[in-house]
Amino acid sequence: MTPADLTLIVAAGGMSTRMGEDKRWLDVGGVPLLEGLLKKAAAAGFAEIFLCVEERSERLQALASRYGARILVDETAGQGPVAGLSRGLAASSHTWSFAVSADMPFFSFDAAIELLPKAKGAVRAVVPVAEGRCEPLAALYHKETAHVFSAAMAAGERSLRRAAAALPVLDVPVRAGAW
């Protein structure tokens with residue numbers, strides 16, 4: 001399996017409640033945070049890229065078009081990345097999807113490739129663990145798990161880790177620097 005066999009789900013809701021401003025547009029090295037991630041994603045060669053957001057805007061649409069991404073608007077606002085993952089997995093045309101948060105400016109898709117051989121058998125999520133910390137928004141998810149996140153969202157659960165607790169999850173220790 002390679003990125004060409006995967007959907008990329010970029011969780012980019014845009015609420016940024018703790019920061020007080022929309023972090024998707026923060027300048028990181030002369031490029032908005034979200035654009036930097038999409039640029040790397042397009043170069044990685046994913047079969048399809050979904051930009052999961054709380055609401056559509058002309059600015060987001062222009063950025064998505066520039067990098068070959070499709071915007072998916074959360075069905076329920078205020079549910080965080082669980083809503084984006086639910087929507088993205090349901091729309092995916094591939095068995096496996098890689099989910100990543102839009103606010104990871106130093107994330108390397110090369111590191112994600114290391115997870116691909118682990119996605120087999122009964123495993124339905126492959127989650128990296130860097131320095132003891134799980135990274136559920138830099139992980140692989142099987143398409144069959146869309147209903148789990150949808151049910152979690154309906155129950156008001158916003159934590160990806162808790163939402164995925166019933167899944168066969170494989171935690172994979174990884175180097176901290178790439179995540």
Side-chain angles (χ1 to χ4, degrees), residues 3 6-94 96-112 115 125-128 130 133-141 143 145-146 148-150 152-153 157-164 178-179:
L6 301 173
T7 296
L8 176 67
I9 299 170
V10 179
M15 294 302 290
S16 302
T17 52
R18 291 178 294 188
M19 183 165 274
E21 65 179 290
D22 192 339
K23 61 187 165 189
R24 298 176 296 188
W25 308 112
L26 291 176
D27 184 280
V28 177
V31 177
L33 185 64
L34 179 56
E35 183 170 2
L37 182 74
L38 287 175
K39 185 176 185 178
K40 288 191 283 187
F46 287 93
E48 58 189 354
I49 300 172
F50 294 146
L51 184 56
C52 298
V53 300
E54 284 221 352
E55 60 184 49
R56 184 183 304 270
S57 73
E58 287 182 29
R59 189 174 185 190
L60 284 170
Q61 187 58 58
L63 193 59
S65 295
R66 188 175 315 134
Y67 293 102
R70 182 174 144 207
I71 291 181
L72 297 178
V73 178
D74 294 349
E75 293 175 353
T76 305
Q79 294 299 308
V82 172
L85 201 50
S86 170
R87 184 93 162 95
L89 288 166
S92 176
S93 56
H94 296 86
W96 286 93
S97 293
F98 190 80
V100 66
S101 176
D103 65 355
M104 299 176 73
F106 306 111
F107 181 75
S108 166
F109 285 105
D110 291 338
L115 299 178
V126 180
V127 179
R133 183 176 170 178
C134 291
E135 297 289 350
L137 273 177
L140 283 166
Y141 294 93
K143 183 171 178 60
T145 64
V148 171
F149 296 106
S150 181
M153 187 176 56
E157 179 58 66
R158 296 186 60 199
S159 164
L160 283 181
R161 192 70 175 156
R162 287 191 301 264
W179 303 91

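Everything quoted here is computed from the prediction, not taken from an experiment. Residue numbers count from 1 along this sequence. Only this structure's heavy atoms are used, side chains among them; waters, hydrogens and symmetry mates stay out.
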**Request:** Spell out, as yes or no, whether a donor-acceptor pair under 3.5 Å connects the side chain of Lys143 to the backbone of Leu89.
**Result:** yes
**Prompt:** Going through the distances and angles, do Leu85 and Thr145 end up as a side chain to side chain contact (heavy atoms under 4.5 Å, CB included)?
**Reply:** CA-CA 9 Å; Leu85 201 50; Thr145 64; over 6 Å; no
**Asked** With sequence neighbours left out, what residues match Phe109 under ring pair (Phe, Tyr, Trp, His ring centres under 6.0 Å)?
**Response** Phe46, Phe107
**Item:** Shortest non-hydrogen separation from Glu54 to Asp74 and the atoms involved
**Value:** CG-OD2, 3.5 Å
**Asked** Checking side chain to side chain contact (heavy atoms under 4.5 Å, CB included) for the pair Ile49/Tyr67: CA distance, chi angles, key distance, verdict?
**Response** CA-CA 9 Å; Ile49 300 172; Tyr67 293 102; 5.8 Å; no
**Prompt:** Do other residues, nucleotides or ligands put more than 12 heavy atoms under 6.0 Å from the CD atom of Glu55?
**Reply:** no
**Prompt:** Can you tell me how far OG of Ser159 sits from CZ of Arg161, rounded to the nearest 0.5 angstrom?
**Reply:** 8.5 Å
**Complete:** Here the pair of heavy atoms bringing Ala90 nearest to Ala146 is N-CB, 3.7 Å
**Request:** Can you measure from CD1 (Ile71) to OG (Ser57) and round to the nearest 0.5 angstrom?
**Result:** 6.5 Å
**Complete:** Heavy-atom closest pair (Leu72 atom, Gly88 atom, distance to 0.1 Å) is CD1-CA, 3.8 Å
**Asked** Arg24 and Val53: side chain to side chain contact (heavy atoms under 4.5 Å, CB included), yes or no, with the steps?
**Response** CA-CA 11 Å; Arg24 298 176 296 188; Val53 300; 3.9 Å; yes
**Item:** From CA spacing to verdict: side chain to side chain contact (heavy atoms under 4.5 Å, CB included), Ile9, Cys52
**Value:** CA-CA 7 Å; Ile9 299 170; Cys52 298; 3.7 Å; yes
**Request:** Determine yes or no for a side-chain-to-main-chain donor-acceptor pair under 3.5 angstrom, with Lys40 supplying the side chain and Pro105 the backbone.
**Result:** yes
**Asked** Ser86 side chain to Val82 main-chain N or O, any donor-acceptor pair under 3.5 Å?
**Response** no
**Prompt:** Which heavy-atom pair separates Leu33 from Lys23 by the least distance, and what is that distance?
**Reply:** CD2-O, 3.2 Å
**Request:** Kindly compute the distance separating CH2 (Trp96) from CG (Leu115), expressed to the nearest 0.5 Å.
**Result:** 10.5 Å
**Request:** Mind listing the closest non-hydrogen atom pair of Leu137 and Ala11 along with its distance?
**Result:** CD2-CB, 4.0 Å
**Request:** Measure the shortest side-chain to side-chain distance between Pro32 and Leu34 over non-hydrogen atoms and say whether it is less than 4.5 angstrom.
**Result:** no
**Asked** Nearest 0.5 Å, what's the CZ-CG distance between Arg56 and Leu51?
**Response** 9.5 Å
**Request:** Could you note down all residue pairs passing salt bridge (Lys or Arg N to Asp or Glu O under 4.0 Å) where residues 64-73 supplies at least one of them, sequence neighbours left out?
**Result:** Glu35-Arg66
**Fill in**
Here the gap from Leu8 atom CG to Leu37 atom CG, rounded to the nearest 0.5 Å, amounts to 7.0 Å
**Item:** Taking every non-hydrogen atom, the tightest pair across Gly36 and Val31
**Value:** N-CG1, 3.6 Å
**Message:** Would the distance check show the side chain of Glu48 and the main-chain N or O of Ser93 forming a donor-acceptor pair, the cut-off being under 3.5 Å?
**Reply:** yes
**Prompt:** Heavy-atom distance under 4.5 Å between the side chains of His94 and Leu6, does that happen here?
**Reply:** no
